[in-house]
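Structure first, commentary second.
On a predicted model such as this, the values are computed, not experimentally measured, just so you know. Atoms considered below: every heavy atom in the structure, side chains included; atoms not considered: hydrogens, waters and symmetry mates.
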Amino acid sequence: MPLFKHKFSLSLLITVSLLTACSEGIQQRLAPDPNLQEEENTTSNSTSEAPTEPSEPSPTENNNQQNTIEPSAAIPESIPLYPDAKLIDQEVSTETESGLIELRATSGMDTIANFYAEELRQQNWEIVTPFSSGATIGKRIIMAESNTLELKVTIFEAEGEEETSQILIEYQPLTETSSTEASQEESSTETPTTRTFTDLEQTPDPLQPYVNDMAQLGLLSPVDSEEANGKQFAPNEPITRRTYTRWLFQANNRFYRDRASQQIRRVQQAQTPAFTDIPSSDPDFGIIQGLAEAGLIPSRLTGNSTVTQFRPNAPLTRETLLLWKVPLDTRSNLPSATVNTVKETWGFQDAGKIDPKALSAIVADFSNGEQSTLRRVYGYTQLLQPEKAVTRAEAAAALWSFGTQGEIITAQELTQN
């Protein structure tokens, strides 16, 4: 042993110490005493041995160091942190409003997953991807969105007797166009703006202000065409039912961004899909299913047993535009209506051709006065032409405002905020 090379007095001290404590284990007591080592270094400069390296902190000391980390004040209050978990690390940026948080907890993955699923729902987060849909061995993931943030919580199995689970929380500002809202029909990942479209001058004059405001908010998407190259809006082309549902969903949630109770929830999983031609693998399933489960789109979920297909690529008709949009203006039960009611209010000569399901929405729209969708989009007319295809510019103008008289929210107001 190196210690036997020391002076006689130092050897005597070690020998006495070994004799008086041999019951505690020879190997444990042979470890150098830091105090004696320091004394040795100060009294003898002739030794050729390198100084003993400091011992590493014990697991208990590591845990105490971890417990001293406090959550940053920059972490949004809406992001839940698992109770009694240890904060291991955090990288939070106030400049980018994003962050990465690492926690450790003694709870199992299922317990932690149940906590986050319930806590996020109670705080009105929209669950984009639930834990169950992406579960793999040793890892659970949930993705959610609030009015301003995108959140991802990943739970891992962690080795060790005490810390059994690792929780990784990632968040960043919510982008205007989420990847979950992209579709095969319109796959551009760029958020459209008034500078993006090259053909807005082709919009009919009465509709141009509405289309410009909606484009400035990033709520319109380019037409799907190789020639368009993602830059053309094609204002006078018919809009498909798929595209209109996406615009309707995004516009409503953008207009009511600060009122979670008025937002439409996307549905990622459903035991009973609303439509047989929109499976869960469809890129717009979450939006279409969400609108159907909210009762805004007639389906077998609303008691319309004959409506089994959505027909996503079919042109949107005028009566369907009103049937889906007006309930989001009134936010209440639609009035009872007949063909005669429509004739007495609007005076449409072709009222008898209107789908009975749309009659109530058309009558309710009349009560909105000058703010009605029909008047804004089509001006004065004695013919509704209910089955006529809606153009993309007309659809944009229809979504320019939400609400009833006295409580109207317009795209123009949002562009000024």
Side-chain angles (χ1 to χ4, degrees), residues 204 206-207 210 236 238-241 243-245 247-249 251-252 255 262 264 274-275 288 291-292 294-311 314-410:
L207 303 181
Y210 308 124
N236 300 310
I239 188 171
T240 64
R241 289 162 60 92
T243 302
Y244 182 69
T245 55
W247 288 8
L248 178 67
F249 178 91
N252 178 84
F255 276 57
Q262 301 298 325
I264 305 169
F275 305 100
I288 296 172
L291 289 166
L296 296 168
I297 297 179
S299 69
R300 50 188 173 182
L301 301 180
T302 56
N304 300 87
S305 58
T306 60
V307 183
T308 60
Q309 291 191 329
F310 180 70
R311 298 179 297 115
L316 179 76
T317 64
R318 290 182 175 185
E319 62 186 5
T320 301
L321 178 148
L322 295 167
L323 178 63
W324 295 353
K325 167 63 166 52
V326 173
L328 289 173
D329 289 326
T330 62
R331 307 279 169 169
S332 62
N333 292 333
L334 298 177
S336 300
T338 63
V339 172
N340 288 333
T341 309
V342 173
K343 289 181 177 179
E344 293 171 359
T345 52
W346 287 103
F348 291 145
Q349 300 175 24
D350 54 355
K353 298 180 180 179
I354 300 173
D355 187 328
K357 295 191 298 291
L359 293 174
S360 295
I362 293 171
V363 170
D365 187 55
F366 178 84
S367 64
N368 221 2
E370 293 300 317
Q371 300 296 334
S372 75
T373 299
L374 267 172
R375 290 188 176 96
R376 179 170 61 256
V377 178
Y378 300 111
Y380 175 77
T381 177
Q382 292 187 348
L383 291 174
L384 176 62
Q385 302 182 74
E387 296 183 358
K388 185 175 181 178
V390 177
T391 68
R392 291 167 60 87
E394 291 169 347
L399 299 173
W400 181 82
S401 76
F402 286 84
T404 56
Q405 296 185 70
E407 297 181 356
I408 296 285
I409 303 176
T410 69

Kindly say whether [Y] contributes a backbone atom to a donor-acceptor pair with the side chain of [X] at under 3.5 angstrom?
| X | Y | value |
| --- | --- | --- |
| Asn252 | Gln262 | yes |
| Asp329 | Ile408 | no |
| Glu319 | Asp355 | yes |
| Asp350 | Leu383 | no |
| Thr317 | Ala389 | no |
| Asp365 | Val326 | no |
| Thr320 | Leu316 | no |
| Arg376 | Ala398 | yes |

Which pair of non-hydrogen atoms, one from [X] and one from [Y], has the smallest distance, and what is that distance?
| X | Y | answer |
| --- | --- | --- |
| Pro335 | Ser360 | O-OG, 2.8 Å |
| Ser367 | Ala364 | OG-O, 2.6 Å |
| Thr410 | Phe255 | C-CE2, 3.7 Å |
| Phe310 | Ile288 | CE2-CD1, 3.6 Å |
| Ala396 | Trp247 | N-CZ3, 4.1 Å |

Are [X] and [Y] packed together at the side-chain level, in the sense that at least one heavy-atom pair is separated by less than 4.5 angstrom?
| X | Y | result |
| --- | --- | --- |
| Phe402 | Lys325 | yes |
| Val363 | Trp346 | no |
| Leu321 | Ile239 | no |
| Arg241 | Arg311 | yes |
| Leu328 | Leu296 | yes |

Could you tell me the separation between the [atom1] atom of [X] and the [atom2] atom of [Y], rounded to the nearest 0.5 Å?
| X | Y | atom1 | atom2 | value |
| --- | --- | --- | --- | --- |
| Leu384 | Ile354 | CG | CD1 | 5.0 Å |
| Glu394 | Tyr210 | CD | OH | 13.0 Å |
| Gln385 | Gln349 | CD | CD | 11.0 Å |
| Thr381 | Leu374 | OG1 | CG | 9.0 Å |
| Tyr378 | Lys388 | OH | NZ | 8.0 Å |
| Ile362 | Thr341 | CD1 | OG1 | 11.5 Å |

* Validate the cation-pi geometry between Arg375 and Phe366: distance from NZ or CZ to the six-membered ring centre under 6.0 Å, angle to the ring axis within 45°. =>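 Flagged: Arg375 positioned over aromatic ring of Phe366.
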
* Establish, from distance only, whether the side-chain atoms of Thr302 and Asn304 form a donor-acceptor pair under 3.5 Å. =>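 Asn304 and Thr302 do have a side-chain donor-acceptor pair below 3.5 Å.
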
* Asked: Does the side chain of Gln405 pick up a donor-acceptor pair with the side chain of Gln371 at under 3.5 Å?
  ->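 Checked: Gln405/Gln371 side chains show no N/O donor-acceptor pair below 3.5 Å.
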
* To do: Give the C-alpha distance, both sets of side-chain angles, the deciding distance and a yes or no for side chain to side chain contact (heavy atoms under 4.5 Å, CB included) between Leu322 and Thr373.
  => CA-CA 8 Å; Leu322 295 167; Thr373 299; 4.1 Å; yes

* Candidate pair Val377 and Val390, rule side chain to side chain contact (heavy atoms under 4.5 Å, CB included), full reasoning -> CA-CA 10 Å; Val377 178; Val390 177; over 6 Å; no

* Asked: Tyr244 vs Trp324 aromatic rings, parallel, tilted or perpendicular, using cut-offs 30° and 60°?
  ->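 The rings of Tyr244 and Trp324 lie parallel, inter-plane angle below 30°.
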
